[in-house]
Asker: 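Got a structure here, written out as structure tokens. Questions coming.
If you're wondering where the values come from, they're calculated on a predicted model, not measured in any experiment.
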Amino acid sequence: MIFMSQSGLLDRTREADWDTWYVEHLRIMATVNGIRSTRRFKSDSPAHPPSLAMYSVDSAAVFEDPYYQKIRGMGEWLPLIDKRFYRRNLFEGMAAAPDVPADHVLYLVDRDAPDLMLPGIDLSWLRAVGLDRSTPYRGIAAVPARSDMAPARRAGVAIYKPVIL
């Protein structure tokens, strides 16, 4: 299963501090039993959340774990989170989050049904099964970074670059 948390800050001037906090937050999240991977991405795609954290999780039971309950969330950053972009979704359809090398980007597209085809792009369709369920389906693909991503953007695809630590 894949857990995705999307967000953005109201005050973009604090982004460097938030990035520093997020590195430690992901390190701590990786210590939760049942979370097998953590990764962060950023997007400048208009109308899409600027920040994405993606986790491989064993099951929805992870979110009931007392340790997870203690460490989860945005902590001191919560008052600065832009609520328009705050979404938490649990998806089935892949056993683990895809590998996204540094020279690739992650395409994300939300749909009511798995109905989008992009030439040359093999989208994997995930179904929302828990938490906010802000979209019924999410298509994802790791693709080589390209200079012309206009066709994907026109189709409503959010393009996320991996944050390299």
Side-chain angles (χ1 to χ4, degrees), residues 1-12 14-15 18-100 105-116 123-142 152 155-163 165:
M1 301 186 93
I2 299 174
F3 166 50
M4 293 188 200
S5 177
Q6 295 171 279
S7 55
L9 289 180
L10 291 167
D11 181 359
R12 300 291 297 261
R14 301 282 314 274
E15 231 172 289
W18 193 39
D19 291 345
T20 300
W21 172 85
Y22 231 119
V23 169
E24 180 64 6
H25 178 66
L26 290 178
R27 186 194 67 73
I28 293 168
M29 290 290 286
T31 67
V32 173
N33 188 30
I35 294 181
R36 293 178 282 118
S37 70
T38 64
R39 188 81 187 267
R40 183 154 180 248
F41 301 84
K42 288 186 173 185
S43 178
D44 59 3
S45 297
H48 294 281
S51 177
L52 166 73
M54 187 165 54
Y55 307 82
S56 298
V57 300
D58 288 339
S59 73
V62 166
F63 305 108
E64 297 166 11
D65 180 279
Y67 176 61
Y68 171 81
Q69 291 290 324
K70 180 179 174 184
I71 64 159
R72 70 169 286 271
M74 297 289 185
E76 66 190 77
W77 294 96
L78 191 57
L80 299 174
I81 299 300
D82 188 334
K83 300 298 188 248
R84 294 175 303 156
F85 296 129
Y86 189 53
R87 301 176 189 135
R88 298 173 64 242
N89 290 288
L90 180 64
F91 295 99
E92 66 178 13
M94 293 179 80
D99 181 42
V100 184
V105 294
L106 183 70
Y107 280 13
L108 290 184
V109 61
D110 292 346
R111 292 285 195 264
D112 289 333
D115 60 0
L116 179 66
L123 287 171
S124 294
W125 287 97
L126 308 175
R127 186 172 67 90
V129 295
L131 303 171
D132 295 344
R133 296 182 191 200
S134 64
T135 181
Y137 290 90
R138 176 164 288 165
I140 66 171
V157 174
I159 301 168
Y160 286 88
K161 297 176 185 173
V163 173
L165 306 177

Asker: State, with a plain yes or no, whether a side-chain heavy atom of V157 is found less than 4.5 Å away from one of L116.
Answerer: yes
Asker: Between V62 and M1, is any pair of side-chain heavy atoms under 4.5 Å apart?
Answerer: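 No, side chains not in contact.
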Asker: Mark yes or no for whether R39, through its side chain, and V100, through its backbone, hold a donor-acceptor pair below 3.5 Å.
Answerer: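 At least one qualifying donor-acceptor pair exists.
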Asker: Hey, could you give me the OH/OG1 distance between Y22 and T38, rounded to the nearest 0.5 Å?
Answerer: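 These two atoms lie 10.0 Å from each other.
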Asker: Looking only at heavy atoms, which two atoms of A97 and S56 are closest? And how far apart?
Answerer: N-OG, 2.8 Å
Asker: With a cut-off of 6.0 Å (strictly less than), are more than 12 heavy atoms of other residues, nucleotides or ligands near CG of D112?
Answerer: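 Atom CG in D112 is not packed in, count stays at 12 or less.
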Asker: Looking only at atom types and distance, does a side-chain atom of S5 sit under 3.5 Å from a main-chain N or O of A53, one as donor and one as acceptor?
Answerer: no
Asker: Determine yes or no for a side-chain-to-main-chain donor-acceptor pair under 3.5 angstrom, with D110 supplying the side chain and R138 the backbone.
Answerer: no
Asker: Classify the angle between the aromatic ring planes of H25 and W21 as parallel (below 30°), tilted (30 to 60°) or perpendicular (above 60°).
Answerer: parallel
Asker: Distance-only criterion, 3.5 Å: show the donor-acceptor pairs between side-chain atoms of residues 67-81 and protein atoms not counting sequence neighbours.
Answerer:
unit_1 : atom_1 : unit_2 : atom_2 : d
Y67    : OH     : T31    : OG1    : 2.7
Y68    : OH     : R88    : NH2    : 3.0
Q69    : NE2    : F63    : O      : 2.3

Asker: Quick one: does F91's side chain get under 4.5 Å of T135's, heavy atoms only?
Answerer: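 Side-chain contact under 4.5 Å: yes.
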Asker: Any non-hydrogen side-chain atom of E92 less than 4.5 Å from a side-chain atom of R127?
Answerer: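 Of all side-chain heavy-atom pairs linking R127 with E92, at least one is under 4.5 Å.
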Asker: Would you mind reporting whether P49 and F41 have side-chain heavy atoms less than 4.5 Å apart?
Answerer: no
Asker: Does a sphere of radius 6.0 Å around NZ in K42 hold more than 12 heavy atoms from other residues, nucleotides or ligands, not counting ones at 6.0 Å or beyond?
Answerer: yes
Asker: How long is the straight-line distance from CD of Q6 back to CZ of F85, given to the nearest 0.5 Å?
Answerer: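 If I round to the nearest 0.5 Å, the distance is 10.0 Å.
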Asker: Could you tell me the separation between the CG atom of L52 and the CZ atom of R87, rounded to the nearest 0.5 Å?
Answerer: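 Here the rounded value is 11.0 Å.
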Asker: Assess whether atom CG of D11 is packed by more than 12 heavy atoms of other residues, nucleotides or ligands within 6.0 Å.
Answerer: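 Buried by this count: over 12 neighbours within 6.0 Å.
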Asker: Using the test ring pair (Phe, Tyr, Trp, His ring centres under 6.0 Å), find all partners of Y86 that sit at least two apart in sequence or belong to another chain.
Answerer: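 None.
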Asker: L126 and I2: side chain to side chain contact (heavy atoms under 4.5 Å, CB included), yes or no, with the steps?
Answerer: CA-CA 9 Å; L126 308 175; I2 299 174; 4.0 Å; yes
Asker: In the structure I gave you, are the side-chain heavy atoms of P50 and R12 within less than 4.5 Å of one another anywhere?
Answerer: yes
Asker: Contact between L106 and P98 at the side-chain level, heavy atoms closer than 4.5 Å - yes or no?
Answerer: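 Yes, side chains in contact.
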Asker: State whether W18 and R40 meet the cation-pi test: NZ (Lys) or CZ (Arg) under 6.0 Å from the six-membered ring centroid, and within 45° of the perpendicular axis.
Answerer: yes
Asker: Test of understanding: with ring pair (Phe, Tyr, Trp, His ring centres under 6.0 Å), list the residues that count as partners of H48, not counting sequence neighbours.
Answerer: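 In terms of ring pair (Phe, Tyr, Trp, His ring centres under 6.0 Å), with neighbours along the sequence ignored, H48 is linked to no residue.
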Asker: Taking the side chain as every heavy atom from C-beta outward, state whether W125 and V109 have any pair of such atoms under 4.5 Å apart.
Answerer: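 W125 vs V109: side chains touch.
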Asker: Could you walk me through whether D132 and N89 pass the side chain to side chain contact (heavy atoms under 4.5 Å, CB included) check?
Answerer: CA-CA 5 Å; D132 295 344; N89 290 288; 4.1 Å; yes
